[in-house]
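Only this structure's heavy atoms are used, side chains among them; waters, hydrogens and symmetry mates stay out.
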Amino acid sequence: MTDVLITAGELAEFVKQEPCVIIDTRNPEAYGAAHLPGAVNVHEIFTYLATSTPEGIHELKTKFADAFGAAGLSGKETAVIYEQSMNSGFGQSCRGYYLLTMLGYPKVKVLHGGYDAWMAAGLPVTTDVPSPVKASFAVLPEAGDILIDAKTMLAAVGKPGIAILDVRDIDEWIGESSSPYGKDFCPRKGRIPGAVWLEWYRMMKPTAEGPRFKSKNEILAECATVGITENTPVYLYCFKGARASNTFLALKNAGVKDVRMYFGSWNEWSRDPALPIEEGLPTEAKLTTRAA
């Protein structure tokens with residue numbers, strides 16, 4: 001693993017040596033009950049639904065540059081992001097990592113194992129709420145290349161050489177549910193035509209301390225099952241870019257060179273009847289351009 005992931009023990013030492021801003025992505029109730037010392041709560045890292053119009057992408061970048069700045073990030077500090085555990089928050093800490101990377105923030109880490117790992121290590125928690133000094137950092141436009149829009153995803157459909165990777169749960173992949181928020185949350189069920197599927201959980205494995213990311217070679221072995229190598233350009237999607245962020249981190253750590261995400265994901269794609277979908281079981285998929 002590269003150094004994006006940091007263990008609880010490593011983080012306890014790291015904060016003594018380096019300026020850090022610790023960001024808790026959990027809901028305000030969980031944060032209020034107890035959190036890592038100094039942690040700032042930024043729950044909208046998880047809740048925000050993006051659209052991939054030029055206005056939507058501008059709003060996404062502005063909103064999170066402001067939110068991370070308000071949490072105290074100036075570019076000098078390492079941002080350390082955590083959720084409850086790696087599989088309980090739909091990859092929300094990784095979504096924070098993806099957003100910061102997309103903005104061009106230079107130093108980002110994710111607490112491997114989340115809050116649960118910190119607690120399991122017997123490290124201190126608090127209910128004290130910090131008052132961060134508002135800061136700002138330079139947003140790098142070129143860093144935004146890891147974010148693709150619906151138009152770019154549509155252009156990749158049927159294009160040899162680009163892997164469209166769906167990492168949603170099984171019921172979403174086979175078109176039985178439109179989202180993790182209810183079967184009919186979105187108007188259409190199915191998947192982007194030509195997509196291959198690796199459920200996001202497959203990037204991790206159970207340990208006695210809870211789920212942890214697999215090793216680089218294990219992740220590359222999972223990728224190989226759907227024809228993805230380190231040199232394959234990968235376009236990820238899920239429902240709203242959280243679970244796909246977990247996979248984004250896994251693939252980048254494993255050395256896959258060109259990984260991008262369609263951040264609008266199924267939440268956006270399914271709502272536009274002009275965009276093609278495959279419905280039903282993948283074995284009997286039929287291409288449709290209309291709402292089923």
Report task. Decide side-chain contact (heavy atoms from CB on, under 4.5 Å) for N27 and F46; before the verdict, give the C-alpha distance in whole Å, the side-chain angles of both, and the deciding distance to 0.1 Å. Result -> CA-CA 9 Å; N27 67 45; F46 177 59; over 6 Å; no
Treating [X] as the side-chain partner and [Y] as the backbone partner, does any N or O pair qualify as donor plus acceptor under 3.5 Å?
X    : Y    : value
Y31  : H43  : no
T232 : V234 : no
Q92  : E83  : no
W269 : P276 : yes
S52  : D149 : no
R271 : N267 : yes
T127 : A33  : no

Can you name the nearest heavy-atom pair linking [X] to [Y], along with the distance?
X    : Y    : answer
I170 : E199 : N-OE2, 3.2 Å
H112 : F213 : NE2-N, 2.8 Å
G241 : S265 : N-OG, 3.8 Å
I45  : T25  : CD1-CG2, 3.8 Å
E268 : T53  : OE2-N, 4.3 Å
M153 : I148 : SD-CD1, 4.4 Å

Say you draw a straight line from [atom1] of [X] to [atom2] of [Y]; how long is it, rounded to the nearest 0.5 Å?
X    : Y    : atom1 : atom2 : result
E29  : N41  : CD    : CG    : 9.0 Å
T101 : L140 : OG1   : CG    : 11.0 Å
F263 : S245 : CZ    : OG    : 5.5 Å
N217 : C223 : CG    : SG    : 11.5 Å
S177 : D184 : OG    : CG    : 7.5 Å
F68  : E77  : CZ    : CD    : 13.5 Å

Do [X] and [Y] sit in one hydrophobic cluster, given that two such residues count as connected whenever their side-chain heavy atoms are within less than 4.5 Å of each other, even indirectly?
X    : Y    : result
W118 : V4   : no
W200 : Y235 : yes
L251 : Y97  : yes
I228 : L236 : yes
Y82  : V42  : no

For a 4.5 angstrom cut-off between non-hydrogen side-chain atoms, does [X] reach [Y]?
X    : Y    : result
L100 : I81  : yes
T78  : V15  : no
L249 : Y98  : no
L5   : R212 : no
I146 : F248 : yes
D166 : W266 : no
L36  : L11  : yes
N246 : Y201 : no

Give a yes or no on whether a salt bridge exists between [X] and [Y], defined as a side-chain N under 4.0 angstrom from a carboxylate O.
X    : Y    : result
D24  : R26  : yes
K205 : E222 : no
K109 : E10  : no
K107 : E18  : no

Query raised in the report: Any chance the side chains of K216 and N253 put a donor and an acceptor closer than 3.5 Å?
Result: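 There is no such pair (donor and acceptor under 3.5 Å, judged by atom type) between the side chains of K216 and N253.
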**Report entry** Residue pair L275, R188: steps toward the side-chain contact (heavy atoms from CB on, under 4.5 Å) verdict
**Finding:** CA-CA 11 Å; L275 292 170; R188 298 192 293 170; 4.0 Å; yes
Report task. Dump the intermediate steps for side-chain contact (heavy atoms from CB on, under 4.5 Å) on D169 and R243, then the final yes or no. Result -> CA-CA 9 Å; D169 291 12; R243 290 169 292 180; 3.0 Å; yes
Requested in this report: Carefully, step by step, assess Y181 and K240 under the rule side chain to side chain donor-acceptor pair (under 3.5 Å).
Outcome: CA-CA 11 Å; Y181 303 104; K240 65 172 187 184; 3.0 Å; yes
Query raised in the report: Do Y105 and F137 have ring centres separated by under 6.0 Å?
Result: yes
Requested in this report: Taking the six-membered ring for Trp and the single ring otherwise, decide whether the centroids of F90 and F239 are under 6.0 Å apart.
Outcome: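 No; F239 has its ring centre 6.0 Å or more from that of F90.
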Report task. Would you check, one step at a time, whether the test side-chain contact (heavy atoms from CB on, under 4.5 Å) holds for L60 with M102? Result -> CA-CA 10 Å; L60 174 74; M102 184 266 299; 3.8 Å; yes
Query raised in the report: Of E172, E279, R168, which meets side chain to side chain contact (heavy atoms under 4.5 Å, CB included) against R191?
Result: R168
Report task. Take atom NZ of K257 as the centre, draw a 6.0 Å sphere, and report whether it contains more than 12 heavy atoms from other residues, nucleotides or ligands. Result -> yes
